[in-house]
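Bear in mind the structure is a predicted one, so any value in this text is a computation, not a measurement.
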Amino acid sequence: MILIDITGPKLEISAAVFGSKVTIDPLISINLASASRDIAKFVTVFTGLRVSMKEFVEYYSQATLPTVPPHQRQFPYYNGSADGAVSFSYEQPLVHKSNRLVFLVSGHVGKEAKESTHFVVKFTLRYGTETHRYCAEAGFAPQIYHVEELPGGWTVVVMEFISKPFRLLSELGSKDLPKLDQKLRHAVSTMHDREYVHGDLRGANVFGHPDTGSIRIID
């Protein structure tokens, strides 16, 4: 949506998106009192506004818009791959009060899958897919189900959801940590042998199984 606000001699044009909260991004501000001195800018802005409104009307009058259930409108539009390899609906953000786009979802992985399961969907502008796949194959990172490049430079990564009895190292008691020490050291050594570096290896980014000593490194 385009918003036009006039307060006294000041005119502001903004773009707005309505989701779980309203996001407004100011585009341009013009002092109408100085329009006679800056007529070129004034004409350019309003010409662009007129053209964009016409294109909006033409596009949305012909476009087939997806039907999104009300409870899903607060989440990103992406809900699965075009080939049906993954399909899902969002349940909740996994990182609250943050600008990181990581979500718990429920859906199907694989075209033949019949039972719904939980997994994780992450949107990011940068991602080490090769490193993640290597670590997953080595057994100390979540499995990757799907990776796709999206418009605007974004990448969506669909991966395994690490659930109980795995717990974050930051949540485990001191008696459980010695069981995980050797496996964590081995994982780090394995990454370094391939010249991979995690960059943020801390308790909040490592899951551990308190009984088996298995680990899963995330982020």
Side-chain angles (χ1 to χ4, degrees), residues 1-107 119-129 132 144-159 161 199-200 218-219:
M1 177 179 290
I2 292 180
L3 303 179
I4 301 175
D5 177 51
I6 299 178
T7 305
K10 188 177 182 180
L11 180 145
E12 292 186 342
I13 301 175
S14 305
V17 176
F18 293 83
S20 58
K21 61 181 180 180
V22 179
T23 301
I24 299 177
D25 188 12
L27 299 178
I28 194 168
S29 178
I30 299 176
N31 187 346
L32 298 177
S34 65
S36 60
R37 299 193 301 272
D38 197 6
I39 191 67
K41 179 180 179 181
F42 186 79
V43 171
T44 299
V45 169
F46 275 88
T47 300
L49 184 61
R50 182 178 65 179
V51 171
S52 65
M53 294 301 294
K54 180 181 178 181
E55 291 181 353
F56 277 146
V57 172
E58 291 177 352
Y59 176 81
Y60 285 106
S61 63
Q62 301 176 23
T64 302
L65 301 179
T67 301
V68 180
H71 68 283
Q72 291 290 294
R73 292 174 185 169
Q74 61 180 306
F75 299 110
Y77 74 91
Y78 184 90
N79 61 3
S81 60
D83 62 1
V86 293
S87 60
F88 57 85
S89 59
Y90 294 89
E91 294 201 359
Q92 66 182 46
L94 282 178
V95 183
H96 296 277
K97 296 181 180 180
S98 170
N99 60 356
R100 297 177 61 195
L101 302 175
V102 185
F103 303 93
L104 175 66
V105 305
S106 60
F119 43 96
V120 173
V121 173
K122 178 176 183 176
F123 297 87
T124 178
L125 290 170
R126 296 176 58 189
Y127 202 73
T129 305
H132 187 156
I144 290 184
Y145 300 140
H146 182 71
V147 178
E148 185 176 337
E149 301 297 323
L150 300 178
W154 288 90
T155 298
V156 57
V157 186
V158 182
M159 69 186 84
F161 174 55
D200 191 21
I218 62 172
D219 201 26

Could you tell me whether a side-chain N or O of [X] sits under 3.5 Å from a main-chain N or O of [Y], the two making a donor and an acceptor?
X: Q92; Y: L104; answer: no
X: T47; Y: T44; answer: no
X: S87; Y: G80; answer: no

Give, for atom [atom1] of [X] and atom [atom2] of [Y], the distance between the pair rounded to the nearest 0.5 Å.
X: I30; Y: K10; atom1: CD1; atom2: NZ; value: 11.5 Å
X: F161; Y: L94; atom1: CZ; atom2: CG; value: 6.0 Å
X: L125; Y: L150; atom1: CG; atom2: CG; value: 10.5 Å
X: D219; Y: K122; atom1: CG; atom2: NZ; value: 4.5 Å
X: F88; Y: Y78; atom1: CZ; atom2: OH; value: 6.0 Å
X: D5; Y: L11; atom1: CG; atom2: CG; value: 7.5 Å

With the side chain counted from C-beta on, respond yes when [X] and [Y] share a heavy-atom pair under 4.5 Å apart, and no when they do not.
X: T155; Y: E149; value: yes
X: I28; Y: K41; value: yes
X: E12; Y: P26; value: no
X: V120; Y: I218; value: no

- Task: Name the orientation class of the two ring planes belonging to F46 and F42 (parallel below 30°, tilted from 30 to 60°, perpendicular beyond 60°).
- Result: tilted
- Task: Return yes when atom OH of Y60 has more than 12 non-hydrogen atoms of other residues, nucleotides or ligands closer than 6.0 Å, and no otherwise.
- Result: no
